[in-house]
Engineer: 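One structure coming up, written as structure tokens, with questions to follow.
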Amino acid sequence: MNYEAVIGLEVHVQIKTRSKMFTRVASGYGHEPNTLTDPVVLALPGVLPVMNKAALDAVIKAGLMLGCEIAPVCKWDRKQYFYPDSPKNYQISQYDQPICLGGAVEIELPGSARNVMGEHKSIPLTRIHLEEDVGKLNHGATDSLIDFNRAGTPLMEIVSEPALRSADEAFAYLTALRAIMVQGGISDCDMEKGQLRCDANISIRPVGQTTLGTKVELKNLNSISFVRDGIAHEIKRQMAVLARGGTIVQETRDYDGQTGASQSLRSKEMAHDYRYFPDPDLMPVQVDQAWKERLRAGCPELPFDRQRRYFTDFQLPYTLTSVLVWDRALAEYFEAAACAAGNDKAQAVGNWIVNDLLRELGQAGLALADSKVRPEQLAELVRLVDTGVLLTGAAKEVFVEMFATGEAPAAVARRRGLEAAPTDAGALEQWCREAIAGNDKARAEFKSGKDSAINAFKGPVMKAAKGKADPKAVDATLRRLLAGD
Amino acid sequence: MPGADELDIDHVAALARLALTPEEKSNFSRQLGGVLQHIEQLRKVDVTGVEPTAHAFPVVNVWADDVARPGLTTAAALRNAPAQRQNLVVVPKVVE
């Protein structure tokens, strides 16, 4: 029997705010243990939570970017359970009135080759709600240790419909979602720091069946690659269980990315009974049109929308767009340089950025923001190449110099004497004659019909010209002289 | 919501992490049953056309700007901890 996988993802994204969700002590990662707490975080008696306006802005903005409907009114609920990472013994969350409803994430599946665009799909979302993060537990041999720094950090949970069909789709979904969150300034989404965490609900069913099979929840997937590997592993495991006549047990499993194996987590809680009820300490949130429009104005273009615009506005090839659009700063740098250079030179600009600028930045260990080459300087370099003032090889040298010093390309070219020699036909002809005279063997070969033998003369000519001769002129001159020889 | 007669005192006690003696169970069952009976009585009120609310006053959007301010020192934060090690709160092991 043929089976298909049905996967839904629950993605938790920490919102990048200065203070916590319901109190104003600082929020952050990498601080000494238990230094980011206050009476609200620790749930000391008598405290009252107060919402963080910036966290509300962020989740609404995220919802607008993902095409969600923003609820006109939403409220807060207490999700009750005992676990030592949650000092209140409840988590403030949103149960039946989440702030964002519906929406979708556009994904791209792997193409047939790296330079071929893959199929696009739209993965519908169920909802996004806002809640608070819990503390961090570290389990020792005999006891567990708690750091409450993370407790109370604004956290949104993005729940997809069970619409993903493979590990690759889940990977593409997370890649796209993460880029949108980062580009929107919602979160840095560093999975190693727990800023983006993913749980996957996975089931399989015979192809054609519409009801869902028994689902298994996979937890602790702490990198996007582990999500893909963990899901692929779980699909295989479930198929193997069914193949030998077994049944899938509903359970939570822990996937270990290092070993590639999963194991069932013994649940200490019986059936989940969170006894949600509205939090009496918090008033509802009402979102009006003006608030939404203010946030919508600050939403950046989505990566795939930007890519489509690059295809039509700049005729960029897929390979360039697929590097540029995933990094908002890089894309904006490209657009500034392309605008300065003119749309017809956008591809050349893109090539310089993707091939040369990224290489130099990588070698220097710098971020784009540290680049001394300003977009308009790059545009100027492209113009110098286009007008023949700089030949490609010389332009590459100029670029490396520009990257190091921040000088204008024309100034570097002049200082280093890299401008293409004005077509001094006399000098070029002289160098060509000398090159032909100096290599009788190649000359004989060329005469006997071996066309490629002409290349043997080009090295000495370029050397004499200090690399500044136009290769086309060199070739033409050599052919003319050899023909008349 | 379960009616007064459907109250499962063992389930409620387990959720609250309480170990109750048989006497306590019967005592609490009676008391909680009384609360549920009261709710049953409220349920009989005709609330057709009344919008459900969790609050008595129609106040919304009570928030603060995202400005961080200092919190507790680590020593103060840990003062109530049953045990501590390396500035972390120590609790009985919660996973296998």
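Every chain is numbered from 1, with letters handed out A, B, ... down the list of sequences. Computed from a predicted model, the values in this text were never measured in an experiment.
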Engineer: In terms of heavy-atom proximity below 4.5 Å to chain B, should A/P284 be classed as side chain, backbone, both, or neither?
Structural biologist: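 Its backbone and side chain both get close to chain B.
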Engineer: Which atoms of A/L36 come close to chain B, meaning under 4.5 Å heavy atom to heavy atom: side chain ones, backbone ones, both, or neither?
Structural biologist: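 A/L36 has no heavy atom closer than 4.5 Å to chain B.
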Engineer: Which region of A/D85, side chain (C-beta onward) or backbone (N, CA, C, O), has a non-hydrogen atom less than 4.5 Å from a non-hydrogen atom of chain B, or is it both or neither?
Structural biologist: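 Neither the backbone nor the side chain of A/D85 comes within 4.5 Å of chain B.
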Engineer: Under 3.5 Å, is there a donor-acceptor pair linking the side chains of A/N52 and A/S19?
Structural biologist: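 There is such a pair between these side chains.
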Engineer: Report the option among B/G71, B/P70, B/P58 that has the most heavy-atom pairs separated by less than 4.5 Å from atoms of chain A.
Structural biologist: B/G71
Engineer: Under 6.0 Å between the ring centres of A/W76 and A/F22?
Structural biologist: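 Ring centres of A/F22 and A/W76 closer than 6.0 Å.
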Engineer: Of the backbone (N, CA, C, O) and the side chain (C-beta and beyond), which part of A/F148 lies under 4.5 Å from a heavy atom of chain B, both, or neither?
Structural biologist: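 Side chain of A/F148 only, per the 4.5 Å heavy-atom cut-off to chain B.
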Engineer: With only heavy atoms counted, which part of A/L145 is less than 4.5 Å from chain B, the side chain, the backbone, both or neither?
Structural biologist: both
Engineer: Heavy-atom distances under 4.5 Å only: say whether A/T37 touches chain B with side chain, backbone, both or neither.
Structural biologist: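 Both parts, backbone and side chain.
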Engineer: Flag yes if more than 12 heavy atoms outside A/E192 fall under 6.0 Å of its CD atom; otherwise flag no.
Structural biologist: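 Open: at most 12 neighbouring heavy atoms sit under 6.0 Å from CD of A/E192.
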Engineer: Picking from A/V25, A/L42, A/N34, A/D38, which has the most non-hydrogen pairs under 4.5 angstrom with chain B?
Structural biologist: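 Among A/V25, A/L42, A/N34, A/D38, the one with the most close pairs to chain B is A/N34.
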Engineer: Given a strict heavy-atom distance threshold of 4.5 Å, which part of B/V59 is in contact with chain A: side chain, backbone, both, or neither?
Structural biologist: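 Both parts, backbone and side chain.
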Engineer: Could you grab the distance from atom CG of B/L32 to atom NZ of B/K25, nearest 0.5 Å is fine?
Structural biologist: 13.5 Å
Engineer: How long is the straight-line distance from NZ of A/K61 back to SG of A/C299, given to the nearest 0.5 Å?
Structural biologist: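 With rounding to 0.5 Å, SG (A/C299) is 6.0 Å from NZ (A/K61).
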Engineer: Less than 4.5 Å to any heavy atom of chain B: does that hold for the side chain of A/A55, its backbone, both, or neither?
Structural biologist: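 Neither the backbone nor the side chain of A/A55 comes within 4.5 Å of chain B.
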Engineer: So which part of A/P49 gets closer than 4.5 Å to some heavy atom of chain B, the side chain, the backbone, both or neither?
Structural biologist: neither
Engineer: Within the distance-only criterion (no hydrogens, no angle test), does the side chain of B/H55 pair as donor or acceptor with the backbone N or O of B/V60 below 3.5 angstrom?
Structural biologist: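 Side chain of B/H55 to backbone of B/V60, a donor-acceptor pair under 3.5 Å: no, none is there.
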Engineer: If I take atom NZ from residue A/K79 and atom CZ from residue A/R275, how far apart are they, to the nearest 0.5 angstrom?
Structural biologist: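 Taking NZ in A/K79 and CZ in A/R275, the distance rounds to 12.0 Å.
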Engineer: Over 60° means perpendicular and under 30° means parallel, so tell me whether A/Y255 and A/F226 are parallel, tilted or perpendicular.
Structural biologist: perpendicular
